[in-house]
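This report concerns only the one structure given below.
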2 protein chains.
Amino acid sequence: MDVFDDLRRRLVSGDFAYGVKLRAEVLKNDYGCSASTVREALLRLSAMGLVEFQEQRGFRMPDQSPQRQHDITEMRILLESEGACRAIRRGGVAWEARLTAAHHKLSHIESRIAALGPGDDLRALWAGAELEFHQTLLSACGSATLIEMHLTVYYRYRQVQAEKDRKFLYLAENIQEHAAILNAAVNGDEAAMRRSILKHFERHLMPPGAAAPQPGPSLAG
Amino acid sequence: MDVFDDLRRRLVSGDFAYGVKLRAEVLKNDYGCSASTVREALLRLSAMGLVEFQEQRGFRMPDQSPQRQHDITEMRILLESEGACRAIRRGGVAWEARLTAAHHKLSHIESRIAALGPGDDLRALWAGAELEFHQTLLSACGSATLIEMHLTVYYRYRQVQAEKDRKFLYLAENIQEHAAILNAAVNGDEAAMRRSILKHFERHLMPPGAAAPQPGPSLAG
DNA sequence: TGTCCCGCAAATTTCGAGATTTCAAGTCTT
DNA sequence: AAGACTTGAAATCTCGAAATTTGCGGGACA
């Protein structure tokens with residue numbers, strides 16, 4: 001497999017601990033290539049936000065902060081709601097069919113995980129099917145830019161959620177939520193779609209009262 | 001100046017014609033460095049969507065299609081409206097002050113352009129002030145991710161609008177529209193903010209009835 | 001005349017060595 | 001003892017040459 005694709009896979013699947021250094025000189029051993037080639041992949045990944053890059057200080061896996069997790073989740077809600085609603089407006093029956101198919105595959109894998117427990121092979125299948133479901137959801141939105149930005153955020157989301165993904169926390173909830181999204185799509189119900197997407201993600205938002213870092217000193221100080 | 005920053009500047013200011021090849025071997029002459037260093041910058045810029053990259057086929061300036069222009073404009077409306085409204089909710093008087101200052105600088109430059117006509121030095125000043133105004137607008141939104149994605153879209157927008165920017169078409173309109181955005185901000189009026197932002201960009205959207213590429217054969221065929 | 005195949009030139013990518021910068025430990029000064 | 005300076009090893013970045021791939025043009029063949 002390509003260095004870039006495989007590094008991205010590892011970055012979003014919890015192969016690297018948060019904050020660790022990513023040295024091209026070391027990683028080249030995992031691929032049969034030079035450090036320059038790895039460096040090139042890391043540079044591209046850093047432009048996508050999956051790797052932190054500081055000039056003259058190399059590459060790092062990003063830290064996992066609650067704020068970052070919240071931010072990325074919010075962004076996914078925004079882009080995915082918008083994209084899904086546009087897709088409802090433009091999609092038509094062909095889109096509904098594709099989404100139903102994608103959901104069927106995903107749901108099948110999720111059931112097997114629920115029955116057999118997690119395993120590396122099922123995890124890989126799930127990762128592919130989950131991405132395909134959410135990509136299909138937006139596929140008819142009519143905006144290549146929106147689809148592209150959503151994909152960027154999708155990977156960042158997987159990256160900060162990697163620990164939870166690994167254990168399949170919330171598997172039962174996810175099964176229901178994916179079904180709710182599919183239903184909203186085939187019913188052409190935009191409001192239900194926004195509700196379903198919010199429901200799917202809101203447990204990863206920070207509680208509303210949580211510390212807001214933006215304004216200077218706390219008003220209650 | 002850094003190769004990466006300068007290439008980005010040139011990419012969004014119309015230095016390159018749409019669709020032309022960008023060869024590291026050639027561009028290295030503009031900077032006192034090797035082709036590898038230029039290649040590295042181009043790779044990062046391609047991850048940001050300002051350069052098209054195809055494996056084994058090198059780099060190109062993206063083509064300018066009406067669809068792409070429409071897409072990017074739509075995305076800017078979405079992100080900028082969302083960010084500005086969040087900033088209204090969280091901003092406070094310090095944010096309003098910074099926005100007023102940024103607007104003052106921008107407005108001053110725009111007036112000078114209206115009086116003296118465009119010129120390379122004013123154009124450079126304008127580019128900096130316009131970016132700063134729109135960045136300040138979102139600066140209090142509380143989401144680093146939203147700010148980052150907006151910046152990505154901002155540069156893409158400038159890239160597809162470069163021809164118009166160069167001639168300062170719509171200068172008079174822009175002056176009014178920037179003022180309207182500032183007003184909505186200091187009044188804390190989210191609905192007015194959304195209206196103002198839409199107004200600022202809608203002339204670059206495709207007309208509502210225009211060809212929608214997504215569905216298969218035209219219904220009217 | 002048109003098509004296919006081969007080979008050459010140009011473009012792109014990969015590579016490892018050399019130059020530069022960072023980081024940490026140790027030494028000196030106050 | 002705290003802080004500033006020195007020093008060397010390790011990490012990072014730059015570079016141009018070598019290897020690979022692409023694309024084009026000429027010639028063979030139907």
Side-chain angles (χ1 to χ4, degrees), chain A residues 1-12 14-65 148 151-152 155-156 159, chain B residues 1-12 14-65 148 151-152 155-156 159:
Chain A
M1 190 186 293
D2 191 47
V3 179
F4 177 81
D5 289 329
D6 191 61
L7 271 175
R8 183 179 55 200
R9 183 190 59 72
R10 294 171 71 183
L11 285 164
V12 303
D15 266 31
F16 303 110
Y18 297 108
V20 300
K21 219 148 192 313
L22 302 169
R23 288 204 271 120
E25 205 62 50
V26 172
L27 290 167
K28 76 170 182 185
N29 298 320
D30 299 347
Y31 310 96
C33 73
S34 75
S36 313
T37 303
V38 175
R39 176 187 165 80
E40 172 172 307
L42 287 170
L43 272 169
R44 291 210 273 159
L45 290 162
S46 77
M48 300 177 25
L50 294 178
V51 166
E52 255 179 31
F53 170 66
Q54 276 189 292
E55 217 162 272
Q56 306 288 6
R57 292 190 193 181
F59 303 93
R60 287 182 170 281
M61 175 87 173
D63 297 309
Q64 193 197 33
S65 78
E148 184 192 331
L151 186 61
T152 302
Y155 284 125
R156 296 193 198 185
Q159 183 176 50
Chain B
M1 189 186 292
D2 192 47
V3 179
F4 176 82
D5 289 329
D6 191 60
L7 271 176
R8 183 180 54 200
R9 183 190 60 71
R10 294 171 68 183
L11 285 164
V12 303
D15 266 30
F16 303 110
Y18 297 107
V20 299
K21 221 149 193 314
L22 302 169
R23 287 205 268 121
E25 206 63 48
V26 171
L27 291 167
K28 75 170 183 186
N29 298 320
D30 299 347
Y31 310 95
C33 72
S34 74
S36 313
T37 303
V38 175
R39 176 185 165 80
E40 175 168 295
L42 287 171
L43 272 168
R44 290 210 272 158
L45 290 162
S46 77
M48 299 175 28
L50 294 178
V51 167
E52 254 180 33
F53 169 66
Q54 277 189 292
E55 216 162 274
Q56 306 288 4
R57 294 192 190 181
F59 303 92
R60 286 182 170 281
M61 176 88 174
D63 297 307
Q64 194 197 33
S65 77
E148 184 192 331
L151 185 61
T152 300
Y155 284 125
R156 296 192 198 184
Q159 183 175 50

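So you know, we letter chains A, B, ... as the sequences are listed, proteins then strands, and number each from 1.
Taking atom CZ of A/Arg60 as the reference point, atom P of C/dT22 lies 15 Å away to the nearest angstrom. Taking atom CZ on A/Phe53 and atom P on C/dT22, their separation rounds to 12 Å, with Å as the unit. Taking atom CD of A/Gln54 as the reference point, atom C1' of C/dT21 lies 14 Å away to the nearest angstrom. To the nearest angstrom, P of C/dA17 lies 10 Å from CD of A/Glu25. The nearest whole Å value for the distance from the CZ atom in B/Arg39 to the P atom in D/dC13 is 16 Å. Counting to the nearest Å, the P atom of C/dA11 and the CZ atom of B/Phe59 are 15 Å from each other. Summarising the geometry, the separation between NZ on B/Lys28 and P on D/dG16 is reported as 7 Å, rounded to the nearest angstrom. If you take OH of A/Tyr31 and C1' of C/dT13, they are 19 Å apart, rounded to a whole angstrom.
Of the possible donor and acceptor atoms, none in the side chain of A/Arg8 sits under 3.5 Å from a partner among the backbone N and O of A/Ala41. Under a 3.5 Å cut-off, the side chain of A/Arg156 and the backbone N or O of A/Met48 do form a donor-acceptor pair.
Across all non-hydrogen atoms, the minimal contact from A/Arg60 to A/Gly19 is NH1-O, 2.6 Å.
At a threshold of 4.0 angstrom between heavy atoms, the contacts of B/Thr37 are confined to the sugar-phosphate backbone, with no base atom among them. Across all strands shown, A/Lys21 has heavy atoms under 4.0 Å from sugar-phosphate atoms exclusively, and none from any base.
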* **B/Phe16/B/Leu27 under side-chain contact (heavy atoms from CB on, under 4.5 Å): CA gap, chis, key distance, verdict** => CA-CA 12 Å; B/Phe16 303 110; B/Leu27 291 167; 4.0 Å; yes
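Comparing D/dG16, C/dT13, D/dC13 against the side chain of B/Ser36 picks out D/dG16 as the nearest. Distances from the side chain of A/Gln56 to the nucleotides D/dG16, C/dC15, C/dT22 place C/dT22 closest.
Within the structure, a side-chain polar atom (N or O) of B/Arg23 is placed less than 4.0 Å from OP1 or OP2 of C/dA11. Within the 4.0 Å cut-off from OP1 or OP2 of D/dG23, at least one side-chain nitrogen or oxygen of B/Arg57 is found.
Put simply, the side chain of B/Leu43 reaches to within 4.5 Å of the side chain of B/Phe59, judged on heavy atoms.
With the nearest nucleotide of DNA chain C identified for both A/Glu55 and A/Cys33, A/Cys33 has the one nearer the 5' end.
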